Amino acid sequence: MRKVQAMIPKTKGRVAWESPANIALVKYWGKQPVQIPMNPSLSFVLKKSVVEINMDYVIDPDNDFKIKKFTLNGKSSEPFSEKTEQYLVRLNNFFPFLKHTQLVIDSRSTFPHSAGIASSAAAFSALALCICTIDARINEKKGDGDEFMKKASHMARLGSGSACRSLYEGMVLWGETPLVSRSSGDHAIRLSDDLVNNAFMRLNDAILITDSSTKRVSSTHGHALMDHHPYREQRKIQSGINLEKMLAALAEGDFTAFGEVVESEALGLHGLMMLSTPPYLLMHPNTIRILEKVRMFREETAIPAYATLDAGPNIHLIYPETVKSNVLPFIEQELTPYCEGKRWIDDRMGDGPNRL
Ligand code: DP6
């Protein structure tokens, strides 16, 4: 105990990071302890859907600080505080200074909480980056570079699995697979440029909000239902096949093959939910109307626009920048009537987190 305390300096300061949400093309669904995914997943980060965390810290090795203060968009928020508190307790094992640190954390998100879009990946990746930055500062280590990001990705994973994929730009893989060297279940990696055709470097994501109410079944609970799922083993095989097809499509610049995997993964994810015990359904009637509209639009125009869903009713319409002028009127005229209050977010692939 004495030894650890001697290594912890008496200091204070402030760190701030902005980190994005990400959208999975091959889905993470099911896990084993601790937050190791049942299958590898692949995603890209968004540009506009971000969370900003400002963290003030006072470190005093002679004091144990149990009280941390949290605010969400400037106001205190019970669920945010509880989850963050539990997360920081988990991180105590990795960062001995945390027990002796008074923290004031303010979190702001650009996407409204009520939009029904998961902000946890953005929030936990920003939190992990802030804690890793303090750690780097007090240990006089580099607060950037590959090793730093790898550690931040690992720490983000412990808050929310998908958060570990928010650390990198481009196509990001999490989970061990023989198909990609350096892949790991501990942290995510960015697919190197030679594995991704330029056609996929400027993707758009139109987030179509069909229902902004809080989800009936959380993702965390949904993952747990995979433990005894009748299709658990089949899902491992199918996600592996889909990942292989996706990697080939990305390398070859094949948008049709890309889209087939994207839609198969989205519908497959919801199929797994419907076959869970107990079964549940998170799609809204308008989710299905939009899925149908997107399929018809593609058949009529041959424009590559594909829909995906997370564990919720909102649709992410993924399409390349080159067809934006065709897709925007389609969204405005044919899809927004099925969105709650005609709401949608015109988002796109982003560049990863930013230190503020
Ligand atoms: C359907 O990362 O939110 O969005 O690890 O329990 O926090 P926890 O779950 P979470 O699950 C995300 C599930 C998904 C698919 C994906 O993003 O890959």
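Not measured: the values here are computed from a predicted model. Just so you know, ligand 1 is whichever comes first in the structure, and atom 1 is the first atom listed for that ligand.
- Considering backbone and side-chain N/O of S41, none are found under 3.5 Å from N/O of ligand 1.
- Of the polar atoms of N22, none of the N or O atoms is found under 3.5 Å from an N or O of ligand 1, judged by distance alone.
- Using bins of under 30°, 30° to 60° and over 60° for the plane-to-plane angle, the ring pair F148/W17 lands in the parallel bin.
- Considering only non-hydrogen atoms, atom 4 (O) of ligand 1 lies nearest to D310 out of L282, V26, N39, D310.
- Residue S162 touches ligand 1 through backbone and side chain together, judged by heavy-atom distances below 4.0 Å.
- Within the 4.0 Å heavy-atom shell around ligand 1 one does not find R157.
- For ligand 1, the atoms lying closer than 4.0 Å to a non-hydrogen atom of K31 are 5 (O), 6 (O), 8 (P).
- A donor atom on one side chain and an acceptor atom on the other are found under 3.5 Å apart for K27 and T308.
- Residue contacts with ligand 1, taken as heavy atom pairs separated by less than 4.0 Å, involve A24 solely via side-chain atoms from C-beta onward.
- L173 pairs with exactly one of L195, L42, L247, L179 by the side chain to side chain contact (heavy atoms under 4.5 Å, CB included) rule, that one being L42.
- On a distance-only criterion, G159 and ligand 1 share no N/O pair closer than 3.5 Å.
- Residue contacts with ligand 1: S120 is placed with no nitrogen or oxygen under 3.5 Å of a nitrogen or oxygen of the ligand (distance criterion only).
- Shown in contact with A311 at under 4.0 Å from a heavy atom are these atoms of ligand 1, numbered in order with element: 1 (C).
- With respect to the salt-bridge test (charged N to carboxylate O, under 4.0 angstrom), the residues D186 and K151 do not qualify.
- E321 and K47 are not joined by a salt bridge, as no carboxylate oxygen comes within less than 4.0 angstrom of a charged side-chain nitrogen.
- Separation of atoms CG (L208) and OG1 (T336) is listed at 8.5 Å; rounding is to 0.5 Å.
- Per-residue contacts place R165 under 4.0 angstrom from the following atoms of ligand 1 (heavy atoms of the residue considered): 16 (C), 17 (O), 18 (O).
- Under a 4.0 Å N-O distance rule, the pair E292/R295 qualifies as a salt bridge.
- Taking the six-membered ring wherever Trp is involved, the centroid distance between the rings of F200 and F258 falls below 6.0 Å.
- Close contacts between ligand 1 and H223 involve ligand atoms 6 (O), 9 (O), 10 (P), 11 (O), 12 (C), 13 (C) [criterion: under 4.0 Å to a heavy atom].
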